[in-house]
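Heads up, the thing below is written out as structure tokens.
Just so it is clear, the structure is predicted and the values come from calculations on it, not from any experiment. What you see below is based on every heavy atom in this structure, not just the backbone, and it leaves out hydrogens, waters and symmetry mates.
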Amino acid sequence: MPKSDRSAGPSDRPDVASYHTLIIGAGIAGLYQLHRLREFGFSARIFEAGDGVGGTWYWNRYPGARLDSESYTFCYSFSQELLDEWEWSERFVSQSELLSYYEYVADKFDLHPHIDLGARVSSATFDESENVWEVEAEDGRRARARFVITAVGALSAPTLPRIEGRESFEGEAYHTARWPHEPVELEGKRVGVIGTGSSGVQMIQECAKVAKRLTVFQRTPNYCMPLRNAPIGEEGQRRLKASYPEIFRRCRKTLGGFLYESDPRSALECTPAEREAYWEQQYTKPGFALWLGNFQDILADEEANALATEFVVRKIRERIDDPEVAEKLIPKSHGFGTRRVPLETSYYEVYNQGNVELVDVLETPIDRITPRGVLVGGVEYELDVLVYATGFDAITGALDRIDFRGVRGRKLKEKWGDGPKTYLGMTSAGFPNLLTLVGPHNGSTFCNMPRCIEQNVAWVADLLAHMDDKGYERVEATEDAEKSWTEHCQELASMTLLTKTDSWFVGVNVNLPEKKRTVLQYMGGAPLFEEKCNEVAAKGYEGFTLE
Ligand code: NA7
């Protein structure tokens, strides 16, 4: 139960501000965690690296940046007032609209006075004598807190390619996740994009509309599917608001926290005509309908996956005029849905335009970046603007960039050197009072983020309230609980084709050759994850030592 007289935090020291909880990050997770803890009466503060709130949606402001989740499944569900007040203009809104939403949320719940902006946390050290974390930001700002909750995002540590000559480029160069706040002029320019993941695909289709010449440097093609965006009119708003309870109820039951549920049939048991009819039906639906609403075995069985892949390949081929270009755009190294499926509106048609050229850098790798452009197989592509849509050090990257020191000064990064070891994807033995929202092995890493974030946040707040009620100052996962959770995550991962394919899902990143292939996600689905977390809480936080 919320209380207004919760403990303020560890004993004050005159030189450092002291809080019950210090949250790192003011994105979707951090904002809600701050609100929830404040509702519970705890003193809490956020250190946020950016100069504004919104996390991922603050940083990713490249042209075309847009939701791939339906806006009305991506919003917070915890406040009826907020649901009533806010109106989404489109089924899949743009980054700017989403960012306005987070700013509105921060204002509405009076969160700004509790957020330090421009405070990029560099270290967090656990003081065992007092059971307190000492947190420091790069600019020297410090805080002491009983608990640290990380809300640093799963895709927030961008990576740049390790290509010779990168620094020598004399034009403008930007990573999609570090796009400038000022408008970047692309009209009439010679633009190059390296990377064809979700960010690259969104960027490319916008850029192709205005660039004089767009050169796409593609390593691995992806199976991109139609987004099918649409405006939400007045009648749509009314219906949407009336259906929020049903929307959230349905999302809570599906594996990925979306409205799409896989079909219980096996693709292999259906006749070719039945399969085709089902796929055609799913293909006309928006978003991830075909990916996450497919036959139950297409992401587990190679034969079933090959059939679905054939269907998707046909759909892609139909949209590209030049068969040679089409061949290059069709993935050969993996089956449909085994990597994150980028969503698009005009992506394939872009390659029918005279101002767009596709350069296959898998066939002929980039030699180097030159002052004037990109050199591939001895051909120099001259550019005014070079865009790196080259992805992230996923899931563990943002945590690794903070020097976490737990019991006896142990470094989290070193502990996780061979892959993360966690209990419930929210805690790690040897790091008491440290809670990771959307951390590795957490249900939210393969989920429609806000749906699972709300579960994470509520569970963590309940744990802290329980500790406060009982007078506990320290919570730590046991080694045994951590071992069995980590093994459980590995076992679940072995059942899906997603972990057999190279992608950020399994920590494979061409720009981070030192990062080991590992299980980063919880693949049991959101409902099972929530059930496990609730079970642990119901058993008095089984698997934790509370002192
Ligand atoms: P992704 O999906 O990791 O995509 C990165 C892209 O950049 C991908 O096509 C990479 O090719 C390519 N890349 C990376 N480094 C290089 C080098 N050195 N040379 C050529 N090409 C390179 O990142 P996104 O930002 O698009 O999306 C991340 C997630 O954000 C997405 O899944 C959604 O969940 C939202 P590769 O595949 O490694 O061959």
Sequence neighbours left out, what passes ring pair (Phe, Tyr, Trp, His ring centres under 6.0 Å) with W59? Give chain and number order.
none
Which residues share a salt bridge (charged side-chain N to carboxylate O under 4.0 Å, His left out) with D68, sequence neighbours left out:
R340
Assess, by modelled atom type and distance only, whether the side chains of E97 and S89 contain a donor and an acceptor separated by less than 3.5 Å.
yes
Could you list the donor-acceptor pairs under 3.5 angstrom formed by side chains in residues 203-212, with sequence neighbours left out?
{"from": "Q205", "atom 1": "OE1", "to": "T345", "atom 2": "N", "distance (Å)": "3.0"}
{"from": "Q205", "atom 1": "OE1", "to": "S346", "atom 2": "N", "distance (Å)": "3.0"}
{"from": "Q205", "atom 1": "OE1", "to": "Y347", "atom 2": "N", "distance (Å)": "3.2"}
{"from": "E206", "atom 1": "OE1", "to": "K209", "atom 2": "NZ", "distance (Å)": "3.4"}
{"from": "E206", "atom 1": "OE2", "to": "K209", "atom 2": "NZ", "distance (Å)": "3.0"}

Taking only residues two or more places apart in sequence, or in another chain, which ones meet F258 in a ring pair (Phe, Tyr, Trp, His ring centres under 6.0 Å)?
F288
Do D322 and Y351 have side chains that get closer than 4.5 Å, going by heavy atoms?
no
Which class fits the ring pair Y174 and W179: parallel under 30°, tilted 30 to 60°, perpendicular over 60°?
tilted
For atom NZ of K415, is the number of surrounding heavy atoms from other residues, nucleotides or ligands below 6.0 Å larger than 12?
yes
Donor-acceptor pairs under 3.5 Å, side chain of residues 489-498 to any protein atom, not counting sequence neighbours: which ones?
{"from": "S494", "atom 1": "OG", "to": "E491", "atom 2": "O", "distance (Å)": "2.6"}
{"from": "T496", "atom 1": "OG1", "to": "L299", "atom 2": "O", "distance (Å)": "3.4"}
{"from": "T496", "atom 1": "OG1", "to": "L498", "atom 2": "N", "distance (Å)": "2.9"}

Return the orientation label for the F336 and Y223 ring planes: parallel under 30°, perpendicular over 60°, tilted otherwise.
perpendicular
Pairs of donor and acceptor atoms involving the side chains of residues 510-517, under 3.5 Å and at least two apart or interchain, shall be tabulated with distances.
{"from": "E514", "atom 1": "OE1", "to": "R162", "atom 2": "NH1", "distance (Å)": "3.4"}
{"from": "E514", "atom 1": "OE1", "to": "R162", "atom 2": "NH2", "distance (Å)": "3.4"}
{"from": "E514", "atom 1": "OE2", "to": "R162", "atom 2": "NH2", "distance (Å)": "3.1"}
{"from": "K515", "atom 1": "NZ", "to": "D393", "atom 2": "OD1", "distance (Å)": "2.6"}
{"from": "K515", "atom 1": "NZ", "to": "A394", "atom 2": "O", "distance (Å)": "2.8"}
{"from": "K515", "atom 1": "NZ", "to": "T396", "atom 2": "OG1", "distance (Å)": "3.2"}
{"from": "K516", "atom 1": "NZ", "to": "D418", "atom 2": "OD1", "distance (Å)": "2.8"}
{"from": "R517", "atom 1": "NH1", "to": "D502", "atom 2": "OD1", "distance (Å)": "2.5"}
{"from": "R517", "atom 1": "NH2", "to": "T499", "atom 2": "O", "distance (Å)": "3.0"}
{"from": "R517", "atom 1": "NH2", "to": "T501", "atom 2": "O", "distance (Å)": "3.3"}

What pairs meet the side chain to side chain donor-acceptor pair (under 3.5 Å) rule with one or both residues in residues 45-57, with sequence neighbours excluded?
R45-D116
The criterion is salt bridge (charged side-chain N to carboxylate O under 4.0 Å, His left out); which residues satisfy it with D403, sequence neighbours excluded?
R405
What residues, two or more places apart in sequence or in another chain, satisfy disulfide (SG to SG under 2.5 Å) together with C75?
none
Identify which one of V356, I320, V201 satisfies the side chain to side chain contact (heavy atoms under 4.5 Å, CB included) criterion when paired with V350.
V356
My understanding is that only residues two or more places apart in sequence, or in another chain, count here; which of them pass salt bridge (charged side-chain N to carboxylate O under 4.0 Å, His left out) with R66?
E90
Side-chain donor-acceptor pair under 3.5 Å between Y32 and E454, yes or no?
no
Report the C-alpha separation of F392 and W504 in whole Å, then their side-chain angles, then the decisive distance to 0.1 Å, and conclude whether the side chain to side chain contact (heavy atoms under 4.5 Å, CB included) test is met.
CA-CA 8 Å; F392 302 89; W504 65 259; over 6 Å; no
Non-neighbouring partners of E164 that pass salt bridge (charged side-chain N to carboxylate O under 4.0 Å, His left out), sequence neighbours left out
none
With sequence neighbours excluded, tell me which residues meet side-chain hydrogen bond (donor to acceptor under 3.5 Å, both in side chains) with S503.
none
